[in-house]
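First comes the structure, then the notes that go with it.
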Amino acid sequence: MYDFKIAAADKATLYRDLLLALEGLTTGEPDPIANMANAAAVIWESVPDLNWAGFYRNVGGELVLGPFQGRAACIRIPFGKGVCGTAAAEQTVQRVDDVNAFPGHIACDSASQSELVVPIVRDGHLIAVLDLDSPQKARFDAEDEAGFKQLCELLARVL
Ligand code: SME
């Protein structure tokens with residue numbers, strides 16, 4: 001078992017330590033499922049106020065559930081549908097303060113109130129999206145978005 005003990009004193013420290021932990025966990029490991037699984041675990045353990053953290057993979061132009069932490073979730077999401085499908089289709093970050101106000105939001109867990117979805121792209125090709133759900137409205141700010149974007153740039157190299 002790895003014990004990273006990431007204490008979220010402030011967000012800058014949290015995301016710096018998360019990046020270091022993920023670099024350590026993924027360096028030299030070519031298996032994308034193993035890397036997604038450890039990424040989901042370390043995010044879940046370190047980032048406060050989440051009720052879901054994990055990946056949907058691009059499998060032949062459809063998002064398919066990947067490694068995650070949280071409650072069992074929807075398995076397949078078409079590109080363009082919901083928050084994840086929008087992030088995938090547009091290859092843009094979706095930061096949603098109130099998921100109930102997002103047209104087409106897919107409510108896998110009714111506890112989710114806000115959501116951050118970050119596309120993971122390598123050489124213009126969408127590999128997966130990282131999906132984070134929170135039971136708090138407006139849980140994610142610009143600093144969270146920047147921190148997770150950096151994490152996804154690292155993940156793009158190891159997935
Ligand atoms: N809410 C997402 C679906 C995935 S779950 O949150 C895990 C969406 O609208 O795409």
Side-chain angles (χ1 to χ4, degrees), residues 4 6 8 11 14-15 18-19 21-22 25-26 31-122 124-159:
F4 286 102
I6 298 173
K11 288 187 184 184
L14 169 67
Y15 290 110
L18 256 180
L19 198 64
L22 270 186
L25 281 166
T26 57
D31 188 279
I33 298 291
N35 287 335
M36 283 187 264
N38 264 339
V42 78
I43 291 168
W44 181 254
E45 203 181 13
S46 316
V47 179
D49 305 316
L50 301 180
N51 62 309
W52 205 88
F55 296 89
Y56 281 90
R57 299 162 298 130
N58 177 7
V59 181
E62 184 179 31
L63 292 176
V64 181
L65 185 63
F68 70 95
Q69 302 274 315
R71 300 189 74 187
C74 338
I75 299 167
R76 291 174 186 270
I77 301 176
F79 274 37
K81 297 277 181 204
V83 186
C84 291
T86 302
E90 297 180 1
Q91 294 195 5
T92 53
V93 174
Q94 299 294 310
R95 178 152 59 91
V96 180
D97 285 346
D98 179 359
V99 293
N100 302 302
F102 188 96
H105 165 252
I106 301 163
C108 290
D109 182 346
S110 60
S112 300
Q113 295 297 319
S114 61
E115 186 160 354
L116 179 66
V117 182
V118 183
I120 300 172
V121 178
R122 188 173 56 230
H125 173 73
L126 182 93
I127 302 164
V129 298
L130 171 63
D131 182 19
L132 305 153
D133 285 29
S134 172
Q136 289 177 11
K137 282 207 168 74
R139 156 68 183 79
F140 305 102
D141 64 13
E143 216 176 343
D144 295 300
E145 179 175 332
F148 279 112
K149 269 173 87 170
Q150 257 198 308
L151 284 184
C152 286
E153 281 161 21
L154 162 69
L155 289 170
R157 300 197 293 271
V158 296
L159 298 188

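The residues of the chain are indexed from 1 along the displayed sequence. Counting starts at 1 for both ligands and their atoms, following the listed order.
Atoms of ligand 1 found under 4.0 Å from any heavy atom of H105 (numbered from 1 in listed order, with element): 1 (N), 9 (O). Those atoms of ligand 1 with a heavy atom of G82 less than 4.0 angstrom away are 9 (O), 10 (O). The atoms of ligand 1 that sit less than 4.0 Å from any heavy atom of C84 are 8 (C), 10 (O). Within the listing of ligand 1, atoms 7 (C) sit less than 4.0 angstrom from a heavy atom of W52.
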>> Evaluate V42 against L22 for side-chain contact (heavy atoms from CB on, under 4.5 Å), listing each step before the verdict.
In response: CA-CA 8 Å; V42 78; L22 270 186; 3.9 Å; yes

>> Could you walk me through whether L63 and L126 satisfy the side-chain contact (heavy atoms from CB on, under 4.5 Å) test, starting with their C-alpha distance in whole Å, then the side-chain angles of each, then the deciding distance to 0.1 Å, before giving a yes or no?
In response: CA-CA 10 Å; L63 292 176; L126 182 93; 4.3 Å; yes

> Can you list the steps and then say if K149 with V93 is a side-chain contact (heavy atoms from CB on, under 4.5 Å)?
Replying inline: CA-CA 8 Å; K149 269 173 87 170; V93 174; 3.8 Å; yes

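Of all protein heavy atoms, the one closest to atom 8 (C) of ligand 1 is V83 N, 3.4 Å. The protein heavy atom nearest to atom 6 (O) of ligand 1 is D133 OD2, 2.8 Å. Atom 3 (C) of ligand 1 has as its closest protein heavy atom I106 O, 3.5 Å. Closest protein heavy atom to atom 2 (C) of ligand 1: E115 OE2, 3.1 Å. For atom 5 (S) of ligand 1, the closest non-hydrogen atom of the protein is C108 SG, 3.3 Å.
Taking the six-membered ring for Trp and thresholds of 30 and 60 degrees, W52 and F68 have nearly parallel ring planes, at less than 30 degrees apart.
Environment of CZ in R122: crowded, with over 12 heavy atoms of neighbouring residues, nucleotides or ligands closer than 6.0 Å.
Using a cutoff of 4.0 Å between basic side-chain nitrogens and carboxylate oxygens, D144 and R139 are scored as salt-bridged. The pair E143-K11 does not count as a salt bridge, with every side-chain nitrogen at least 4.0 angstrom from each carboxylate oxygen.
Using a 4.0 Å cut-off between heavy atoms, D131 contacts ligand 1 through its side chain alone, with no backbone atom that close.
Of all heavy-atom pairs spanning G124 and Q91, the tightest one is O-NE2, 3.2 Å.
Residue-ligand proximity: Y56 is placed with a non-hydrogen atom under 4.0 Å from ligand 1.
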